[in-house]
Amino acid sequence: VFMGAWVFIKSLSTAGGNKTYILWIEDQFGNPGPLIACLSSQIVAGVEFGSMTVCPIDPVNQWVYFGIGILRTSGTTGDLKFYYKTLGGAMQTWATVTAGNINIGTTGRIKFGTLNNNPLVKCCIGAPSVYLFEQSDFSDVVYPSDVVAPVVGSTWYVNPSTGNDTNNGASAGAAWQTAA
């Protein structure tokens with residue numbers, strides 16, 4: 001399975017060195033396995049209770065698409081690939097686990113958000129998505145074509161008097177009637 005989401009991180013810090021999960025996979029009992037998290041003011045990827053690999057880019061103040069590909073081979077053994085993509089860039093692999101302990105025997109839950117409500121991590125998450133892939137070498141894992149990248153630097157127009165919610169909101173003459 002492949003999971004991913006666009007994440008905009010405004011502030012990135014953890015108190016006491018605790019991890020704050022951003023994307024993670026749990027077994028049916030809630031035990032965490034593969035994850036992307038904030039640790040010591042960095043984004044890291046790995047398996048809970050295992051070593052972590054630091055993301056090669058600084059994700060603060062930009063939209064980044066993060067993803068996890070998981071292929072469980074038997075028991076709690078499997079292969080993992082962790083991905084990132086910046087706006088306009090190509091999806092890149094930044095950490096890999098091959099035939100390693102992935103800490104979960106079955107995929108029970110796929111989660112997006114921030115665990116532990118760490119007030120020092122401030123981020124937005126958009127377009128959470130889950131897909132199946134077929135190739136055991138992950139060669140068919142690509143940025144999902146039906147996931148729309150975030151729009152940045154745009155002005156949206158709303159006019160309660162003359163707007164219409166069927167408009168596109170991109171100009172004063174095509175304003176929405178409501179912000180919703």
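Below, each value reflects all heavy atoms present in this structure, side chains not excepted, and no hydrogens, waters or symmetry copies.
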Which heavy atom of [X] sits nearest a heavy atom of [Y], and at what distance?
X	Y	value
Phe66	Ile36	CB-CD1, 3.7 Å
Thr93	Lys81	CG2-CD, 4.2 Å
Thr53	Trp94	O-CZ3, 3.1 Å
Phe138	Ile70	CE2-N, 4.1 Å
Ala127	Val147	CB-CG1, 3.6 Å
Leu35	Tyr21	CD2-CE2, 3.8 Å

Applying a strict under-4.5 Å side-chain criterion to I, L, V, M, F, W and Y, I'd like to know whether [X] and [Y] cluster together.
X	Y	value
Trp6	Phe8	yes
Ile102	Leu132	yes
Phe49	Leu39	no
Val142	Phe133	no

Run Asp27 and Thr106 through side-chain hydrogen bond (donor to acceptor under 3.5 Å, both in side chains) and show every step you take.
CA-CA 5 Å; Asp27 68 10; Thr106 60; over 6 Å; no
Which is it for Tyr84 and Tyr65 under the ring-ring contact (aromatic ring centres under 6.0 Å, His included) test, yes or no, and what are the steps along the way?
CA-CA 5 Å; Tyr84 73 91; Tyr65 185 82; over 10 Å; no
Can you measure from CD (Gln42) to CE (Met52) and round to the nearest 0.5 angstrom?
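Interatomic distance, Gln42 CD to Met52 CE, rounded to 0.5 Å: 12.5 Å.
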For the side chain of [X] and the backbone of [Y], is there at least one donor-acceptor N/O pair under 3.5 Å apart?
X	Y	value
Asn103	Pro32	yes
Ser129	Gly4	yes
Asn167	Gly169	no

Under the criterion side-chain hydrogen bond (donor to acceptor under 3.5 Å, both in side chains), I'd like the reasoning laid out for Glu26 against Trp24: C-alpha separation, chi angles, the key distance, then a yes or no.
CA-CA 7 Å; Glu26 296 179 346; Trp24 69 103; 3.0 Å; yes
Establish, from distance only, whether the side-chain atoms of Asp140 and Tyr131 form a donor-acceptor pair under 3.5 Å.
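No, no side-chain donor-acceptor pair sits under 3.5 Å.
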Between Asp165 and Thr178: side-chain donor-acceptor atoms closer than 3.5 Å:
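Thr178 and Asp165 do have a side-chain donor-acceptor pair below 3.5 Å.
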State, with a plain yes or no, whether a side-chain heavy atom of Leu87 is found less than 4.5 Å away from one of Gln62.
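Of all side-chain heavy-atom pairs linking Gln62 with Leu87, none is under 4.5 Å.
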Using side-chain heavy atoms (C-beta onward) and a distance below 4.5 Å, is Ile104 in contact with Thr76?
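Ile104 vs Thr76: side chains apart.
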Give the intermediate values and the outcome of side-chain contact (heavy atoms from CB on, under 4.5 Å) for residues Val130 and Val1.
CA-CA 7 Å; Val130 178; Val1 67; 3.4 Å; yes
Can you list the steps and then say if Ile22 with Ile125 is a side-chain contact (heavy atoms from CB on, under 4.5 Å)?
CA-CA 9 Å; Ile22 295 173; Ile125 296 181; 4.2 Å; yes
Going through the distances and angles, do Phe2 and Tyr83 end up as a ring-ring contact (aromatic ring centres under 6.0 Å, His included)?
CA-CA 10 Å; Phe2 173 78; Tyr83 300 88; 5.6 Å; yes
NZ or CZ of Lys85 within 45° of Tyr143 ring axis and under 6.0 Å:
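Because its charged atom sits under 6.0 Å from the ring centre and within 45° of the axis, Lys85 does stack over Tyr143.
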Evaluation steps, side-chain contact (heavy atoms from CB on, under 4.5 Å), between Thr96 and Leu80
CA-CA 6 Å; Thr96 301; Leu80 301 169; over 6 Å; no
Taking it one step at a time, do Asp79 and Arg72 satisfy side-chain contact (heavy atoms from CB on, under 4.5 Å)?
CA-CA 6 Å; Asp79 300 334; Arg72 194 177 64 80; over 6 Å; no
